[in-house]
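Remember, it's a predicted structure, so these values are computed and weren't measured experimentally.
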Amino acid sequence: MSKERKRIIVVGAGAAGMLAAIYAARNGHEVLLLEKNDKAGKKLYITGKGRCNITNACEMEDLFKNVMSNPKFLYGAFYGYSNYDVIDFFEQLGLKTKIERGGRVFPESDKSSEVIGVLLKELKRLQVDIRYQSEVEQILTEDSAVKGVLIKKTQEKLSADNVIVATGGLSYPSTGSTGDGYRFAKSMGHSVTKLSPSLVPVNIKEIELVKELQGLSLKNIEITVTSQNKVIYSDFGELLFTHFGVSGPVILSASSYLVPYMGQKELTLSIDLKPALTKEQLDARILRDFDEFKNKQYKNALDQLLPRKMIQVIIALSKIDPEKKVNLITKEERKRLVDILKAMTLSIDRLRDYNEAVITKGGIAVKEINPSTMESRLISGVYYIGEVLDLDALTGGFNLQIAWSTAYLAGNSV
């Protein structure tokens with residue numbers, strides 16, 4: 001049964017906006033896609049370090065486990081348009097994909113520009129009208145129903161049967177994510193939950209120490225974040241030292257758990273540099289190294305155990321004389337070294353800001369949105385999708401999956 005042809009306006013030509021426009025157009029509607037920037041997909045372009053981690057090829061149960069806020073709201077969206085539907089969609093458009101460690105799905109070319117390219121090609125094929133440098137100032141409503149939008153620069157009023165808001169959050173404001181959708185929603189009576197940067201690097205109080213380690217990437221380490229001896233987060237993976245603190249996949253994911261604790265309690269980051277070894281095994285390993293280098297000074301005997309950049313820092317933390325011959329190092333001193341390698345402890349100062357945040361935590365309250373369609377429960381004909389909603393997930397393609405799934409529902413519901 002074909003739908004009545006409607007005029008649909010989609011605000012925002014990011015991942016969610018482009019996909020929603022495609023499905024609305026495939027349903028035979030006249031679609032106008034408005035973008036405030038001079039090109040589409042600016043944030044999509046930098047996603048996954050420019051490689052674009054489009055989704056995660058995990059089981060459905062794991063999709064939900066990786067959603068931090070309101071996973072139950074996404075039940076209809078994820079089952080309606082799953083991670084495998086996303087992969088099929090892009091493959092059908094001619095984009096070859098590959099699955100990497102942790103189920104992360106990337107374009108085979110490792111180029112996010114190709115993801116944007118196939119979306120734009122499909123929009124063109126469907127004759128979707130895309131207008132760039134067209135910032136929307138206001139969503140126009142009357143009697144609790146949508147009427148269209150007001151363009152900021154020209155003050156032109158564009159009428160529409162339905163408006164899909166895909167304006168993103170506040171993260172990476174340079175890409176155009178400046179919170180427009182929250183403003184629209186509030187003006188229509190919607191609640192917006194507390195907003196904060198998430199999936200973001202972390203400032204460390206021991207600034208001189210991290211500056212010494214700046215640029216060092218550690219793989220296969222384990223981190224634990226605690227507050228007053230309560231474990232908040234623990235994970236295994238990759239960490240990067242920066243001039244201000246720490247970043248990398250394990251830290252970005254940890255930041256999502258830290259938001260409620262910031263500014264209230266002391267937060268401690270403990271890094272296990274050798275998670276594959278118990279303390280006893282690590283001590284045995286150190287003894288073997290020391291036996292091999294028995295005539296060497298301590299400062300020259302850690303090359304096989306640690307990255308070169310880390311040696312001076314660990315020596316200082318262990319409080320063992322760097323000039324001491326390793327065959328003279330006591331059992332007690334060795335225990336100190338083992339303890340530091342198994343739990344290098346740093347104090348978390350604060351999260352970085354929206355300029356470095358992958359996503360925004362918080363957004364339009366989902367209880368005011370129909371989870372089967374993404375339509376506002378307050379204003380008929382207005383749909384909200386993607387990051388503008390109070391939905392966020394961990395790294396690994398899960399946030400883009402939220403964008404695709406909610407966009408598909410809206411595009412098929414208008």
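Minimum heavy-atom separation, Asn56 to Arg104: ND2-N, 3.8 Å. Shortest non-hydrogen contact noted between Lys43 and Val358 is NZ-O, 2.8 Å. Pairing each heavy atom of Leu44 with each of Cys52, the nearest pair is CD1-SG, 3.8 Å. Of all heavy-atom pairs between Gln214 and Thr242, the closest is CG-C, 3.8 Å.
Counting only residues at least two apart or on different chains, the salt bridge (Lys or Arg N to Asp or Glu O under 4.0 Å) pairs with a member in residues 196-225 are Lys205-Glu266. Screening residues 388-414 for ring-ring contact (aromatic ring centres under 6.0 Å, His included), with sequence neighbours left out, gives Tyr23-Tyr408, Tyr81-Tyr408, Phe90-Trp404. Applying the side-chain hydrogen bond (donor to acceptor under 3.5 Å, both in side chains) test to residues at least two apart or on different chains, the pairs with a partner in residues 147-167 are Glu137-Gln155.
Side-chain contact check for Asn355 versus Tyr172: every heavy-atom pair is 4.5 Å or farther apart. Looking only at side-chain heavy atoms (C-beta outward), Leu239 and Ile251 come within less than 4.5 Å of each other. Looking at Glu368 and Ser191, their side chains come closer than 4.5 Å, going by heavy atoms from C-beta outward. At least one side-chain heavy atom of Val11 sits less than 4.5 Å from a side-chain heavy atom of Phe184. Residues Ile139 and Val165 have side chains in contact (heavy-atom distance under 4.5 Å, counting atoms from C-beta outward). Put simply, the side chain of Ile286 reaches to within 4.5 Å of the side chain of Leu341, judged on heavy atoms.
Counting heavy-atom neighbours within 6.0 Å of Glu61 CD, excluding the residue itself, gives a total of 12 or less. The number of heavy-atom neighbours closer than 6.0 Å to NZ of Lys111, taken from other residues, nucleotides and ligands shown, is 12 or below. Heavy atoms from other residues, nucleotides or ligands lying under 6.0 Å from CD of Glu238 number more than 12.
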Subject >> Test log, rule salt bridge (Lys or Arg N to Asp or Glu O under 4.0 Å), inputs Glu114 and Lys121 >> reply: CA-CA 10 Å; Glu114 288 202 4; Lys121 187 179 175 185; over 6 Å; no

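Of the possible polar contacts, one joining the Asn83 side chain to the Cys58 backbone as a donor-acceptor pair under 3.5 Å is found. Side chain of Ser234 to main chain of Ile223: a donor-acceptor pair is present (N/O by atom type, distance under 3.5 Å, no hydrogens or angles). Checked by atom type and distance alone, the side chain of Ser177 never pairs as donor or acceptor with a backbone atom of Pro173 at under 3.5 Å.
Residues Ser347 and Asp349 bring no donor and acceptor atom of their side chains to less than 3.5 Å of each other. Using modelled atom types and a 3.5 Å distance limit, the side chains of Ser112 and Thr47 yield no donor-acceptor pair. Checking Glu108 against Thr97 by side-chain atom types alone, no donor-acceptor pair falls below 3.5 Å. Judged by distance alone, the side chains of Asn203 and Arg352 do bring a donor and an acceptor atom under 3.5 Å apart. Between the side chains of Asp392 and Ser69, at least one donor N or O sits under 3.5 Å from an acceptor N or O. For the 3.5 Å distance criterion, the side chains of Ser413 and Glu375 fail to qualify, holding no donor opposite an acceptor. Between the side chains of Ser196 and Tyr354, no donor-acceptor pair of N or O atoms lies under 3.5 Å.
Arg7 has a carboxylate O that lies under 4.0 Å from a charged side-chain N of Glu30, or vice versa, which qualifies the two as a salt bridge. Salt-bridge formation is detected for the pair Asp129/Arg131: a Lys NZ or Arg NE/NH1/NH2 atom is positioned less than 4.0 Å from an Asp or Glu carboxylate oxygen. A salt bridge is absent between Glu333 and Lys319; no separation between the charged side-chain nitrogens and carboxylate oxygens falls under 4.0 Å. The existence of a salt bridge linking Lys331 and Asp283 is excluded, since no basic side-chain nitrogen approaches an acidic carboxylate oxygen closer than 4.0 Å. A salt bridge does not link Glu332 to Lys335: none of the charged side-chain nitrogens sits closer than 4.0 Å to a carboxylate oxygen. Taking a cutoff of 4.0 Å between a charged side-chain nitrogen and a carboxylate oxygen, Asp390 and Lys361 do not qualify as a salt bridge.
Judged as a salt bridge (Lys or Arg N to Asp or Glu O under 4.0 Å), and not counting sequence neighbours, the contacts of Arg285 are Asp289. Here Arg350 pairs with nothing under the salt bridge (Lys or Arg N to Asp or Glu O under 4.0 Å) rule; sequence neighbours left out. Partners of Arg288 under the salt bridge (Lys or Arg N to Asp or Glu O under 4.0 Å) rule, at least two apart in sequence or in another chain, do not exist in this structure.
Between Phe78 and Phe64, a ring centre-to-centre spacing shorter than 6.0 Å is recorded. Remark: aromatic rings of Tyr384 and His190 are close, center separation under 6.0 Å.
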